[in-house]
Amino acid sequence: MSDYSEIEIKTSDKKAEDLGLTKSEYQKIKKILNREPNFTELCIFSAMWSEHCSYKSSKKWLKTMNFQNSSVICGPGENAGVIDIGNGLAAVFKMESHNHPSYIDPYQGAATGVGGILRDVFTMGARPIANLNCIRFGDPSHPKTKYLIEGVVAGIGGYGNCVGIPTVGGETYFNENYNNNILVNAMTVGIVSANKIFYSKASGVGNPVIYVGSKTGRDGIHGASMASAEFDQTIESKRPTVQVGDPFTEKLLLEACLELMKSDSIVAIQDMGAAGLTSSSFEMASKGNLGIEINLDKVPQREKNMKAFELMLSESQERMLIVVKKGKEKEAEKVFLKWELPFSIIGRLTDSGNMVLYKSDKIVANLPISPLVSEAPEYDRKWKRSKHYTQNPIKKLEKLDLKKNLIQLISSPNLSSKKWVWQQYDHMVMTNTITGPGSDAAVVRIERSDSALAITTDCNPKYVFGNPKSGSKQAIAESWRNLICVGAKPIAITDCLNFGNPEKPEIMGQIVESIEGIKEATEVLNFPVISGNVSLYNETEGKSILPTPQIGAVGVINDISNIASIIWNENELIYILGKNDIELGCSAFDEIIEKTGISEPPTINLKQEKKVGSFVLNKIQEGLIKTCHDISDGGILIALAEMAINSKIGAKIDHPKLDTTPLEWWFSETQARFIVTIPKNQKAVLEKEAVTQNVPILHLGIVKGNTLQINKEMSISLQDLENHNSSWLPDYMNS
């Protein structure tokens, strides 16, 4: 499209459709302008009204979410959410998707996903302290999976490692439903002084608008529109819409922005993310009810003869738009030149309420800002509730082999060790990582304090597919439990809602029910959503991904001497806290062993989650419990195996009550349960307090030896267990 002239090319219904706009949206644009838009103006509308930027299918439902508790400083609507973490500090965090770009170009797509979420955080004035990622691929044997996973993992590691921000956690998951549409969701957490947070609301007529960072090229043009459409056979032609990242420039930009933020120069600041200069300029001016003039000839460019629409839609990376106080231009320029970054005054704020773009001394676009933002489409799409399955009858398998089944599960792609992924990431850079990948939650120390942040990411797409509302509640509850497992008080979440085509009633139903579940769980657990992202149209040739409402969560540990871990110690007593039932619907056991097919996921009792979780957290904070692990995918036996492998100490499970228990009990995925261990001399204390507070408690056995032994039914050496857990690798990882 770089051959088109914005003046010469004629707009039409067809041209609008090519840009992702519907006929009715095109008519609405003409009504707003009271004229035909020129091509540059039409491109701007197409970007701002894309699903990726406007959330036109989901915002009706997003408005119903729970956004507040006493710790929330800033909820959705800014670059990232902000929570108070005490001692005059705040945590800034967000999760975003880079799904479509990562499928088209896995290395650059994943790398620029990391870069973009980093900028969302340091734009708020926060220094990033941790990255996480949730990556979901198709069947390991699919012919494209090797190419995709190698590129994505290398892109995440390459960008994060070069910038010097530790990658401390995340998820890697395989399912054939992601064969042709992988998910790459990136999360960043930063820390800032609570009285030094920066926002994107522009103010001050006449204040200069500054462009800083990398020069603008043609990479990423129409990226927002591409991210708002399904894939088809033309996917390879979309490669030019993927951005190209430079982590070394990102590091310079980070340091330069944080240095300038120490002064009183900045009025507003915004990352040039999706839709580039278009979204950043419109959002800043819109929030301030102002107009803005931009001279596109002043935009630093790395390619020749760039058109106006290319400059406005380019998603070249490592760029910021800043409004500074009039008279502070030289001070700002000095900082950015020190860091050897392009700096240019490209415009100013006005009271016109319009976006006016100049190029070659001509006005090439003149658009009213408020209606373009406020009148963006908001659809109430048709939807229907998902078919909810009933629990399948439990099979009484007389020949069920506990050891064989454990090995099958622990060596399966989704339950096996993911060291081969996270060892490619630097999770210790900055030296504040206390607990890294492989734990229930990462723990990162807050410098010059005895406090820490705990961070986790969670979602079980099989549960969500089985029952979108219940499965989404479970994603919230599991992230809540994982923070508790390390001794953190859960504070708030960010989400990344990955779904298929919302124009299909069954997909829109998944979205609506998922949001209902998130709302209910966050209200009961006092665990609000403070930021997030919606990624729709994740399907190829009509086949959708599994519904994946990814959750990222942050909690606070006030005293790092009371951190719990997955590591147990010799001769400690092993307990389950929480009610034990047999629930195998959507379980790993059902998927891999019984193969009965999809069914209803485990029930979610949020009041029980809150009661059991609060009890466990209190005991960790009191120092009674030092070892804790939640029971999730795979059930009790998988949780015990993970603890034994990580601790390099076995266990003897010999509780008499289990002698008559169905073997499936070991693989049940009933929620609201924790495995904890305590010294023998604390037995009476824990049991009495659990009974007093009506928290179900079951003594399982003792930490002991170099085998995992279950009654007389099974015994496996730690070495064998670890070998099986580490044995699954895609063939290409061994090459």
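Values reported hereafter were calculated over all heavy atoms of this structure, with side chains retained and with hydrogens, waters and symmetry mates removed. The structure presented is a predicted model; accordingly, all values stated were derived computationally and were not measured.
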K.L.:
Working note: I182 + V152, criterion side chain to side chain contact (heavy atoms under 4.5 Å, CB included); need CA distance, chi angles, decisive distance, verdict.
P.N.:
CA-CA 10 Å; I182 64 172; V152 166; 3.9 Å; yes
K.L.:
Does one side chain, of N538 or S535, offer a donor that lies under 3.5 Å from an acceptor on the other?
P.N.:
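Present: a donor and an acceptor within the cut-off.
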K.L.:
Quick one: do I434 and V444 satisfy side chain to side chain contact (heavy atoms under 4.5 Å, CB included)? Show the steps, please.
P.N.:
CA-CA 6 Å; I434 297 174; V444 181; over 6 Å; no
K.L.:
If we ignore hydrogens and angles and just use 3.5 Å, is the side chain of N87 paired with the main-chain N or O of L89 as donor and acceptor?
P.N.:
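No.
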K.L.:
Just do the side chain to side chain contact (heavy atoms under 4.5 Å, CB included) check on V267 and K201 with the steps written out, would you?
P.N.:
CA-CA 8 Å; V267 174; K201 179 181 177 181; over 6 Å; no
K.L.:
For the residue pair F282 and L372, establish whether any side-chain heavy-atom pair is separated by less than 4.5 Å.
P.N.:
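Yes; the side chains approach each other to less than 4.5 Å.
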K.L.:
Using distance only, find each side-chain donor-acceptor pair of residues 127-134 under 3.5 Å and give its atom names and separation, not counting sequence neighbours.
P.N.:
unit_1 : atom_1 : unit_2 : atom_2 : d
R127   : NH1    : E255   : OE2    : 3.0
R127   : NH2    : E255   : OE1    : 2.9
N131   : OD1    : T188   : OG1    : 2.7

K.L.:
Apply side-chain hydrogen bond (donor to acceptor under 3.5 Å, both in side chains) to residues Q671 and E478 and explain how you reach the verdict.
P.N.:
CA-CA 8 Å; Q671 302 294 291; E478 185 174 356; over 6 Å; no
K.L.:
Is a side-chain N or O of S281 found less than 3.5 angstrom from the main chain of T278, in a donor-acceptor match?
P.N.:
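Yes: the side chain of S281 pairs with the backbone of T278.
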K.L.:
Go through the side-chain N and O atoms of Q621 and N562 and say whether any donor and acceptor fall under 3.5 Å apart.
P.N.:
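No pair is found: no donor N or O on one side chain lies under 3.5 Å from an acceptor on the other.
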K.L.:
Look only at the side chain of T456 and the backbone of D440, and say whether a donor-acceptor pair between them is shorter than 3.5 Å.
P.N.:
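It does hold such a pair.
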K.L.:
Run the side chain to side chain contact (heavy atoms under 4.5 Å, CB included) test on Y178 and L183 for me, step by step, so that the C-alpha distance in whole Å, both residues' side-chain angles and the decisive distance to 0.1 Å come before the verdict.
P.N.:
CA-CA 8 Å; Y178 302 101; L183 300 185; 3.7 Å; yes
K.L.:
With the side chain counted from C-beta on, respond yes when I476 and I518 share a heavy-atom pair under 4.5 Å apart, and no when they do not.
P.N.:
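Counting from C-beta outward, I476 and I518 do come under 4.5 Å.
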K.L.:
Run R119 and E96 through salt bridge (Lys or Arg N to Asp or Glu O under 4.0 Å) and show every step you take.
P.N.:
CA-CA 12 Å; R119 289 193 298 279; E96 280 214 346; over 6 Å; no
K.L.:
Check whether any side-chain N or O of E315 sits under 3.5 Å from a backbone N or O of A275 as a donor-acceptor pair, and report yes or no.
P.N.:
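Yes, because the side chain of E315 sits within donor-acceptor range (under 3.5 Å) of the backbone of A275.
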K.L.:
Could you tell me the separation between the CE atom of M124 and the CZ atom of F198, rounded to the nearest 0.5 Å?
P.N.:
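Answer for the CE-CZ pair, M124 versus F198, is 10.5 Å.
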K.L.:
Would you mind checking if E591 and K462 are paired as a salt bridge, meaning a charged N to carboxylate O distance below 4.0 Å?
P.N.:
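Between E591 and K462 there is a salt bridge, with a charged N closer than 4.0 Å to a carboxylate O.
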K.L.:
Can you list the steps and then say if K473 with E520 is a salt bridge (Lys or Arg N to Asp or Glu O under 4.0 Å)?
P.N.:
CA-CA 7 Å; K473 288 183 193 177; E520 185 176 333; 3.1 Å; yes
K.L.:
To the closest 0.5 Å, what do you measure between CD (Q550) and OG (S472)?
P.N.:
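It comes to 11.0 Å.
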K.L.:
Measure the OG-CG distance between S71 and D84 for me, rounded to the nearest 0.5 Å.
P.N.:
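Going from OG on S71 over to CG on D84, the span is 6.0 Å.
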K.L.:
Taking only Lys NZ, Arg NE, NH1 and NH2, and the carboxylate oxygens of Asp or Glu, determine whether E516 and K519 approach each other closer than 4.0 Å.
P.N.:
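No, this pair does not count.
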K.L.:
At their closest point, which heavy atom of I560 faces which heavy atom of A452, and how far apart are they?
P.N.:
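Answer, listing the atom of I560 first, then A452: CG2-CB, 3.7 Å.
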K.L.:
Of all the heavy-atom pairs spanning A454 and I557, show the shortest one and how long it is.
P.N.:
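In terms of heavy atoms, the two residues are closest at CB-CD1, 4.4 Å.
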K.L.:
Would you name the heavy atoms of P468 and S386 that are closest together and state the gap between them?
P.N.:
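Taking P468 first and S386 second, the nearest heavy atoms are CG-OG, 3.3 Å.
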K.L.:
Once you round to the nearest 0.5 Å, how far does OG1 of T22 lie from NZ of K28?
P.N.:
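Here the rounded value is 9.5 Å.
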K.L.:
To the nearest 0.5 Å, how far apart are CG in N467 and CD in Q510?
P.N.:
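Between N467 CG and Q510 CD, I get 11.0 Å after rounding to 0.5 Å.
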K.L.:
If every non-hydrogen atom of F499 is compared with every non-hydrogen atom of T548, which pair is closest and at what distance?
P.N.:
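Of all heavy-atom pairs spanning F499 and T548, the closest is CE2-N, 4.5 Å.
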K.L.:
Given 3.5 Å as the limit, does a donor-acceptor pair link the side chain of K94 with the main chain of T494, or not?
P.N.:
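It does not hold such a pair.
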K.L.:
Which value, rounded to the nearest 0.5 Å, describes the distance between T112 atom OG1 and I117 atom CD1?
P.N.:
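It comes to 12.0 Å.
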K.L.:
Look only at the side chain of S531 and the backbone of P76, and say whether a donor-acceptor pair between them is shorter than 3.5 Å.
P.N.:
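Looks like no, no N/O pair under 3.5 Å.
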K.L.:
Is D633 close to I638 at the side-chain level, that is, under 4.5 Å between some pair of heavy atoms?
P.N.:
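No, too far: nothing below the 4.5 Å cut-off.
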K.L.:
D458 side chain to A475 main-chain N or O, any donor-acceptor pair under 3.5 Å?
P.N.:
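Checking the backbone N and O of A475 against the side chain of D458, no donor-acceptor pair under 3.5 Å is found.
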K.L.:
Counting N and O atoms only, with roles assigned by atom type, does the side chain of E609 sit under 3.5 Å from a partner on the main chain of A672, one being a donor and the other an acceptor?
P.N.:
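It does hold such a pair.
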K.L.:
Contact between L536 and S57 at the side-chain level, heavy atoms closer than 4.5 Å - yes or no?
P.N.:
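A side-chain contact exists here, since the closest heavy-atom pair is under 4.5 Å.
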K.L.:
Can you tell if the side chain of N79 reaches within under 4.5 Å of the side chain of Q270, non-hydrogen atoms only?
P.N.:
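Yes; the side chains approach each other to less than 4.5 Å.
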K.L.:
Examine the side chains of N498 and N185 and answer whether a donor and an acceptor come within less than 3.5 Å of each other.
P.N.:
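Distance-only check passes for N498 and N185.
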K.L.:
Tell me, do M65 and D495 make a side-chain contact under 4.5 Å, heavy atoms counted?
P.N.:
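With C-beta onward as the side chain, the pair touches.
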K.L.:
Does a donor on one side chain and an acceptor on the other come within less than 3.5 Å for N414 and N175?
P.N.:
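No pair is found: no donor N or O on one side chain lies under 3.5 Å from an acceptor on the other.
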K.L.:
Can you see which heavy atom on I484 is nearest to which on F674, and at what distance?
P.N.:
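Looking at all heavy atoms of both residues, the shortest contact is CG2-CE2, 4.0 Å.
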K.L.:
For W49 versus E25, what's the shortest heavy-atom pair and its separation?
P.N.:
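Between these two residues, the closest heavy atoms are CZ3-O, 3.7 Å.
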K.L.:
Less than 4.5 Å apart, side chain to side chain, heavy atoms only: is that true for M261 and I269?
P.N.:
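Touching, per the 4.5 Å side-chain cut-off.
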K.L.:
Could you tell me whether a side-chain N or O of S668 sits under 3.5 Å from a main-chain N or O of D581, the two making a donor and an acceptor?
P.N.:
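A pair under 3.5 Å: yes.
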K.L.:
Give a yes or no on whether a salt bridge exists between E78 and K287, defined as a side-chain N under 4.0 angstrom from a carboxylate O.
P.N.:
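Yes, charged N to carboxylate O under 4.0 Å.
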K.L.:
Side chains of V556 and L453: does their closest heavy-atom pair fall under 4.5 Å?
P.N.:
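Yes, at least one pair of side-chain atoms sits under 4.5 Å.
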K.L.:
K60 vs E378, test: salt bridge (Lys or Arg N to Asp or Glu O under 4.0 Å). Steps then yes/no.
P.N.:
CA-CA 7 Å; K60 171 186 174 178; E378 180 176 333; over 6 Å; no
K.L.:
I'd like to know if E503 and K382 make a salt bridge, using a cut-off of under 4.0 Å between side-chain N and carboxylate O.
P.N.:
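Salt bridge absent between E503 and K382.
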K.L.:
Looking at K59, I want to see if its NZ is surrounded by more than 12 non-hydrogen atoms of other residues, nucleotides or ligands under 6.0 Å.
P.N.:
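Yes, the 6.0 Å shell around NZ holds more than 12 heavy atoms from other groups.
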K.L.:
When you measure from the side chain of S449 to the backbone N and O of S451, does any donor-acceptor pair fall under 3.5 Å?
P.N.:
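Between the backbone of S451 and the side chain of S449 there is a qualifying donor-acceptor contact (under 3.5 Å).
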